[in-house]
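Below is one structure, written out as structure tokens; comments come after it.
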Amino acid sequence: MSKVLKFVLNGMPVKVVAEPQETLLQVLREKLSLTSPKCGCNHGDCGSCTVILNGKAVKSCMIIALTVEGKSVVTVDGLGTDGKLHPVQQAFHEYGAPQCGYCTPGMVMAATAFLNENPNPSYDEVKDALAGNLCRCGGYQKYVDAVMAVAKGEFGPIPKGSDVDV
Amino acid sequence: MREYFYEAPESLDELLGLLQGLNDEEVKLLAGGTDFVPKLSKELDEIPKEQKPPLHIIYMGNTGNNEIKEDSDNVYIGALVTLTEIEESNLIKQHLPVLIQAMEETAGHTVRNVATIGGNIMNASPAADSITPLLVLDAQFVLAGIDGSRTIAAKDFFTGPGSTVIDDKEVLTTIIIKKGKGKAAFKKLGRRKAETLSVVNAAAYIEMDNGICKAARLALGAVAPTAVRCYQTESKLVGKPVKPELIKEICSGVVEEINPIDDIRATAWYRKQVAPVMLERAINQACSEE
Ligand SMILES: Cc1cc2nc3c(=O)[nH]c(=O)nc-3n(C[C@H](O)[C@H](O)[C@H](O)COP(=O)(O)OP(=O)(O)OC[C@H]3O[C@@H](n4cnc5c(N)ncnc54)[C@H](O)[C@@H]3O)c2cc1C
Ligand code: FES
Ligand code: FES
């Protein structure tokens, strides 16, 4: 039995019809044509579907879409400002962290939500923050190094409001 | 395809009323969804062999019970509190640090951000990482029904893998934990460091007096159909001086109290080898820095 779902996606209010059994990942990809969150496993294991929900990184394949009613969802598409990449995106790019890139949007979202709450992390804390994101190309080291570089300010200040709450 | 319905009641009363009205129908309570949604996705991936009855998914996220509170004797954790909220709570840090230890080893951040403590308990997995600490903390679970609520001790709550004494018209609302005098510790052995279920986990609560163990509560997870309180081993410990050699010897006997199986994570044989070691480590930590 479908229902109308209203939430804020990358700062914009959206309205979409969703089925009770549909996940947020399905609604984003199949109904809103936002294919940046990837479906690696669909069972909560790989993290390629990570988005920021009300400020927290979550795996969107495990969120029933209708539960995000009235909440705020941010994907990589909502991060950059005025044609400029977000520092985390810029760092991943310059460190050459992505190889095939499939895990990258999830990595960006997990790292961004983490840095918003922990601007001065240790190396081990960054590893821990990305532990739920698998990279089948095995590029973990560069992802963690890049996040550390962002934390040290190498890529400029992190813009406020990238995790806009409703 | 199976038919699915969705409701998001705005209060506990509304939720309990809804449950009353759904008599011959299948109902699924939804908290964080980290146990339920992967199972649902699996069901949707498979070609159904039989037509299943419609499923009513009832979202609990707007029904309250999402706070951690205290009074002079107890800490009260709402069933809808997320694992991240427990991990970050000053109140828990002050009174029940063992829960933080357990949460930090449960799944990863992105799961803990949505997973709830009530979901971890009600999923009733023998490997659940909150259950062994709650057993040794002697936690009480409050179950609410339309005619009022009842309180059940954690040690009497679990009846098998995925099953508890809860009635299908009841919901878990609160976990009550007495502020104890002793110290507790949790140890987990997984196949990896993060995002992995326990091969074996252990928790210990110890009260000491001048080097003598005054009270002990011990529990092991993933070694039987439910998490196990190790009563015999506890009784061997009480009244004894807590010396590392003695703890080791006492823990070796715990294999008599467990009944592990072979599964995808480990064999029964391996679990019998490591269970005493994990318990010994938990006890040693609970006895340290007194
Ligand atoms: C990648 C991954 C890693 C994981 N790692 C771990 C781990 O290391 N350790 C571990 O213990 N678990 C782990 N889990 C399992 C899961 O995340 C936890 O059990 C979690 O706490 C479940 O909570 P939830 O709110 O998401 O539950 P849900 O899926 O919403 O619910 C679980 C069950 O409990 C019932 N329920 C929920 N709340 C209530 C209530 N208040 N009253 C009555 N019934 C209720 C539901 O109907 C359902 O049957 C992992 C899961 C994933 C996907
Ligand atoms: S697709 Fe969501 S965790 Fe793998
Ligand atoms: S870059 Fe290929 S999966 Fe991570």
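Labels below follow one simple rule: chain letters A, B, ... track the order of the sequence lines, proteins then strands, and each chain is numbered from 1. Model, not experiment: these values are computed from the prediction.
With a 4.5 angstrom heavy-atom cutoff, B:Lys39 does not touch chain A via any of its atoms. Residue contact with chain B, scored on non-hydrogen atoms closer than 4.5 Å, involves the backbone and the side chain of A:Thr67 alike. With a threshold of 4.5 angstrom between heavy atoms, B:Leu30 approaches chain A through side-chain atoms but not through N, CA, C or O. Only the side chain of B:Met1 comes within less than 4.5 Å of a heavy atom in chain A; its backbone stays farther off. Heavy atoms of A:Glu22 lying under 4.5 Å from chain B are absent altogether. Heavy atoms of A:Lys3 lying under 4.5 Å from chain B belong exclusively to its side chain. When heavy atoms are compared at a cutoff of 4.5 Å, B:Asp45 approaches chain A solely by way of its side chain, counted from C-beta outward. Interface remark: B:Phe5 contributes backbone and side-chain atoms alike to the contact with chain A (heavy atom separation under 4.5 Å).
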Go through the steps for B:Val37 and A:Ile64 under the test side chain to side chain contact (heavy atoms under 4.5 Å, CB included), then give the verdict. CA-CA 7 Å; B:Val37 182; A:Ile64 290 290; 3.7 Å; yes

Hey, mind stepping through A:Gln26 and B:Leu44 against side chain to side chain contact (heavy atoms under 4.5 Å, CB included) and telling me if it holds? CA-CA 13 Å; A:Gln26 268 174 303; B:Leu44 292 164; 5.7 Å; no

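To the nearest 0.5 Å, atoms CG (B:Asp35) and CE (A:Met62) are separated by 9.0 Å. Rounding to the nearest 0.5 Å gives a distance of 7.5 Å between NZ of A:Lys56 and CD of B:Glu85. In this structure, CG in B:Asn113 is found 11.0 Å from CG in A:Asn54, a value given to the nearest 0.5 Å. Distance NE2/A:His43 to OG1/B:Thr34: 13.5 Å, rounded to 0.5 Å. With rounding to the nearest 0.5 angstrom, the NE2 atom of B:His109 is 11.5 Å from the NZ atom of A:Lys59.
A 6.0 Å sphere centred on NZ of B:Lys169 holds more than 12 heavy atoms belonging to other residues, nucleotides or ligands. Atom OH of B:Tyr270 has 12 or fewer heavy atoms from other residues, nucleotides or ligands within 6.0 Å.
When side chains are defined from C-beta on, B:Glu195 does not count as touching A:Asp45, because their heavy atoms never get closer than 4.5 Å. B:Lys193 is not listed as a side-chain neighbour of A:Lys127, based on a closest heavy-atom distance of 4.5 Å or more.
In terms of heavy-atom pairs under 4.5 angstrom with chain B, the leader among A:Leu134, A:Leu130, A:Asn133, A:Val58 is A:Val58. Between chain B and the options A:Ala129, A:Ala57, A:Cys61, heavy-atom pairs under 4.5 Å are most frequent for A:Ala57.
The shortest heavy-atom contact between A:Gly132 and B:Thr110 is CA-OG1, 4.5 Å. When all heavy atoms of A:Pro20 and B:Tyr4 are compared, the pair lying nearest together is CG-O, 3.2 Å. In terms of heavy-atom proximity, B:Tyr59 sits nearest to A:Lys71 at OH-NZ, 3.3 Å.
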